[in-house]
Amino acid sequence: MTSSPDTAATPAGADRTFQVDLRGLVDLLSHHLYSSPRVYLRELLQNAVDALTARHGLEPDAPADGFGIRLYADGSVVRVEDDGVGLTEADVHTFLATIGRSSKRAERIAEQRGDFIGQFGIGLLSCFLVADEIHVLSRSARTPGAGTVEWRGRGDGSYTVQLLPASARPRPGTTVTLTPRADAGEWTRPAHVHTLARHFGSLLRHPVTFSDGTGGTGGAGGPAGPGASVNPEPAPWARTYPTPGARSRALAAYGAEVFGFTPLDTIELDLPAVGLKGIACVLPEAVPAGRRHGHRVHVKGMLLSEHAEEILPEWAFFVRCVVDAESLRPTASRESLYEDDTLAAVRDALAERLRAWIARAAASDPDLLARFLQAHHLAVKSLAVHDDEILRMLLPWLPFETTDGHTTLDEFARTHRTVLVTSSVEEFRQVAAIASAAGLGVVNGGYTYDRELVHRLPEIRPEASVADLDPATLTAHLDPVDRETELAAVAYLALARDALAVFDCDVALRTFQPASAPALLVDSREARHERTRSQLAREQEGGLWGDILGALRQEAPKAQLILNQLNPLVRTAVAIEEPELARTSAEALYGQAVLLSRRPLRPAESSLINRSFLDLLAHALRKDS
């Protein structure tokens with residue numbers, strides 16, 4: 001399998017042949033093409049399936065189950081035998097002795113290329129991942145009376161070919177035998193070979209059996225005893241069932257067996273144009289946004305990949321699929337799908353099937369829809385942002401965090417004619433309790449997709465009005481204190497403003513519910529960004545940038561700490577006459593309001609909270625002593 005031309009005898013300018021280091025090539029395959037040595041068995045099964053496909057093309061009237069594949073492994077050898085089309089001596093020299101050449105590319109069957117799983121001529125080389133020698137016995141079904149051809153390929157790149165009597169293999173087909181290396185025992189033990197055969201070939205359309213030698217002789221060129229069936233039943237979606245309910249239960253049971261969870265529901269997938277059939281299993285629990293699960297993809301029954309993310313769009317992370325397709329194109333490693341127009345069309349078509357399932361659940365199974373949305377509302381929200389049909393169907397039923405608790409937009413809009421939406425989670429947490437007490441309907445728009453979706457509510461409910469929450473809207477619902485109380489608090493408010501000036505925070509006194517809330521911090525992320533830019537202006541020493549950033553600083557909105565006169569602690573604080581204690585109490589109230597907002601603390605704020613707590617504690621201890 002190598003070529004070593006005599007360079008001295010080669011005329012200048014003449015064509016030369018690449019020399020191939022087979023061991024280096026096998027090392028390249030094992031480290032960069034194949035994910036694991038276990039693929040050797042998949043490649044052998046695939047070659048056998050393709051040979052059977054060619055045999056069926058040669059003898060179309062033969063029964064579909066008349067030819068099969070037999071596996072044998074007893075710890076000392078691994079053998080794969082098929083009743084396929086076989087090879088002639090010329091075929092062996094052409095296709096087994098030339099790296100990169102494939103019999104499936106021969107002109108006589110080029111027009112049938114779509115009938116074969118493999119498209120690349122390097123599959124047999126994968127056997128060198130577990131063995132130093134490959135032994136092939138083959139007899140062609142194309143040539144009546146053809147003899148048996150023996151080919152032995154070795155890991156050092158050498159090979160031999162010889163003709164044997166017809167009795168060496170009485171029937172057409174091919175037998176490949178491997179003698180495993182000592183370090184390949186993990187992949188060639190009988191139990192593991194059987195497991196791998198079921199893993200890769202459970203959906204193959206040709207009968208596949210396995211024997212470990214305990215039930216028969218398994219002699220060379222003959223069947224390996226009465227082996228156990230690797231694929232005793234067709235794919236579950238290809239079987240017939242007495243009732244639709246029985247079918248649904250069988251598909252759900254298959255999904256649970258394959259994926260290890262009981263599906264919330266199963267969605268049948270059927271794309272006749274590309275010969276694709278299978279199921280999508282709806283996950284019963286939520287998954288993190290954007291986490292894409294791998295899907296099991298079979299091509300003509302052979303398992304291609306357990307991690308084929310590309311078969312579905314990104315938003316469909318609430319399902320896991322197992323499909324079998326005729327027309328999808330594998331990559332060179334045959335462990336993933338080639339990204340082409342066919343795959344893109346399949347992805348779009350499967351996305352439509354998922355949309356149709358959601359639509360059916362919304363129209364006819366409200367209990368299933370509720371369970372689905374409870375687990376996967378984020379996935380549906382991501383879909384609704386870009387899909388008007390899903391938006392119209394499901395937006396009213398999607399749950400949102402609101403001042404009325406977690407509820408649907410439909411229920412919330414019935415109670416609040418004007419729906420206010422915040423731009424961040426922290427803004428919602430700052431105002432939720434006060435807004436609720438004031439009768440304002442506010443939705444937390446800080447989560448992914450939520451703000452955008454809430455603003456589209458009028459498209460579904462024209463009577464609803466949606467607006468962004470403005471701090472002025474909230475403060476307008478807070479009652480002012482009487483003039484006498486405000487005058488009495490002037491000195492305290494001045495000290496508080498001076499203490500909090502470092503945070504660009506103003507201080508005001510109002511009354512609002514609930515009375516248990518001592519203070520409300522009204523501050524948006526955008527306002528903090530503006531103040532950060534203004535801080536840069538203060539650090540400039542003149543020049544153009546100083547003028548520009550200085551102008552921005554003048555317009556930067558301040559945060560506002562609104563003290564609640566209804567709260568007993570605040571009423572005590574504003575009456576403090578000792579200046580330092582008054583400043584400390586104002587800092588403590590600010591720190592508590594920042595903590596309630598649950599936004600990340602700046603270093604200066606952390607320092608303030610610690611300092612004010614210790615100062616108040618020291619004051620209390622001095623007073624008690």
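All of these numbers come straight from a predicted model, not from anything done at the bench.
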Exercise. Do E306 and H199 have side-chain atoms, one donor and one acceptor, less than 3.5 Å apart?
Worked result: yes
Exercise. Between E339 and R347, is there a side-chain N and carboxylate O pair less than 4.0 Å apart?
Worked result: yes
Exercise. Going by heavy atoms in the side chains, are R611 and D615 under 4.5 Å from each other?
Worked result: yes
Exercise. So, D482 and T485: side-chain donor and acceptor under 3.5 Å apart, yes or no?
Worked result: yes
Exercise. Any ion pair linking D388 and R456 (charged N to carboxylate O, less than 4.0 Å)?
Worked result: yes
Exercise. Crowded around Q560 CD? As in, over 12 foreign heavy atoms under 6.0 Å?
Worked result: yes
Exercise. Looking just at side-chain N and O atoms, do E427 and S423 make a donor-acceptor pair shorter than 3.5 Å?
Worked result: yes
Problem set entry | Approximate separation, where rounding is to 0.5 Å, of S248 OG and I279 CD1 | 10.5 Å
Problem set entry | Heavy-atom side-chain proximity of V380 to L373 below 4.5 angstrom | yes
For this session: Rounded to the nearest 0.5 Å, what's the gap from CZ on R571 to CG on L509? Could you check?
Result: 11.0 Å
Exercise. Does a salt bridge link R355 with E389, judged by any charged N lying under 4.0 Å from a carboxylate O?
Worked result: no
Exercise. Looking at side-chain heavy atoms only, is the closest gap between C281 and Y254 below 4.5 Å?
Worked result: no
Seminar exercise, completed: OG1 (T448) and CG (D450) are apart, to the nearest 0.5 Å, by 7.5 Å
Exercise. Hey, are the side chains of H307 and E309 touching, using non-hydrogen atoms and a 4.5 Å cut-off?
Worked result: no
Exercise. At what distance, to the nearest 0.5 angstrom, does OG of S305 lie from NE2 of H295?
Worked result: 10.0 Å
For this session: Answer with yes or no after comparing the ring centroid distance for F400 and F412 against a 6.0 Å cut-off, counting only values under it.
Result: no
Problem set entry | Under 3.5 Å side-chain donor-acceptor pair for W357 and D265 | yes
Exercise. With distance as the sole criterion, is a donor-acceptor pair present between the side chains of Y590 and E605 under 3.5 Å?
Worked result: yes
Exercise. For C321 and L269, what are the C-alpha separation, side-chain angles and deciding distance, and is it a side-chain contact (heavy atoms from CB on, under 4.5 Å)?
Worked result: CA-CA 9 Å; C321 293; L269 306 174; 4.0 Å; yes
Exercise. Where do D468 and L420 land on the side-chain contact (heavy atoms from CB on, under 4.5 Å) test, with the steps shown first?
Worked result: CA-CA 5 Å; D468 287 326; L420 301 173; over 6 Å; no
Exercise. Does a sphere of radius 6.0 Å around CD in Q374 hold more than 12 heavy atoms from other residues, nucleotides or ligands, not counting ones at 6.0 Å or beyond?
Worked result: no
Exercise. Does CZ in F613 sit with more than 12 non-hydrogen atoms of other residues, nucleotides or ligands closer than 6.0 Å?
Worked result: no
Exercise. Do D324 and K277 meet the salt-bridge criterion of a basic N to acidic O distance under 4.0 Å?
Worked result: no
For this session: Check step by step if salt bridge (charged side-chain N to carboxylate O under 4.0 Å, His left out) holds for R583 and D498.
Result: CA-CA 8 Å; R583 290 175 61 92; D498 183 63; 2.5 Å; yes
For this session: Would you indicate whether E577, at its atom CD, is surrounded by more than 12 heavy atoms from other residues, nucleotides or ligands within a distance under 6.0 Å?
Result: no
For this session: Run the salt-bridge test on R360 and D365 with the 4.0 Å N-O cut-off and return the result as yes or no.
Result: no
For this session: Mark yes when over 12 heavy atoms from residues, nucleotides or ligands other than D341 sit less than 6.0 Å from its CG; otherwise mark no.
Result: no
Exercise. Any Lys/Arg nitrogen of R247 or E268 sitting under 4.0 Å from an Asp/Glu carboxylate oxygen of the other?
Worked result: yes
Problem set entry | Residue of the set L566, N567, L561 for which side chain to side chain contact (heavy atoms under 4.5 Å, CB included) holds with L563 | L561
Problem set entry | R461 and D410 ion-paired at < 4.0 Å | yes
Exercise. Would you find a donor on one side and an acceptor on the other, under 3.5 Å apart, between the side chain of H376 and the backbone of F372?
Worked result: no
Exercise. Is there a donor-acceptor pair under 3.5 Å between the side chain of S364 and the backbone N or O of A361?
Worked result: no
Exercise. Can you tell me how far the NZ atom of K381 sits from the OH atom of Y447, to the nearest 0.5 Å?
Worked result: 9.5 Å
Problem set entry | Heavy-atom donor-acceptor pair, T262 side chain to A256 backbone, under 3.5 Å | no
For this session: Look up atom CZ in R249 and atom CG in L251, then write down how far apart they are to the nearest 0.5 Å.
Result: 11.0 Å
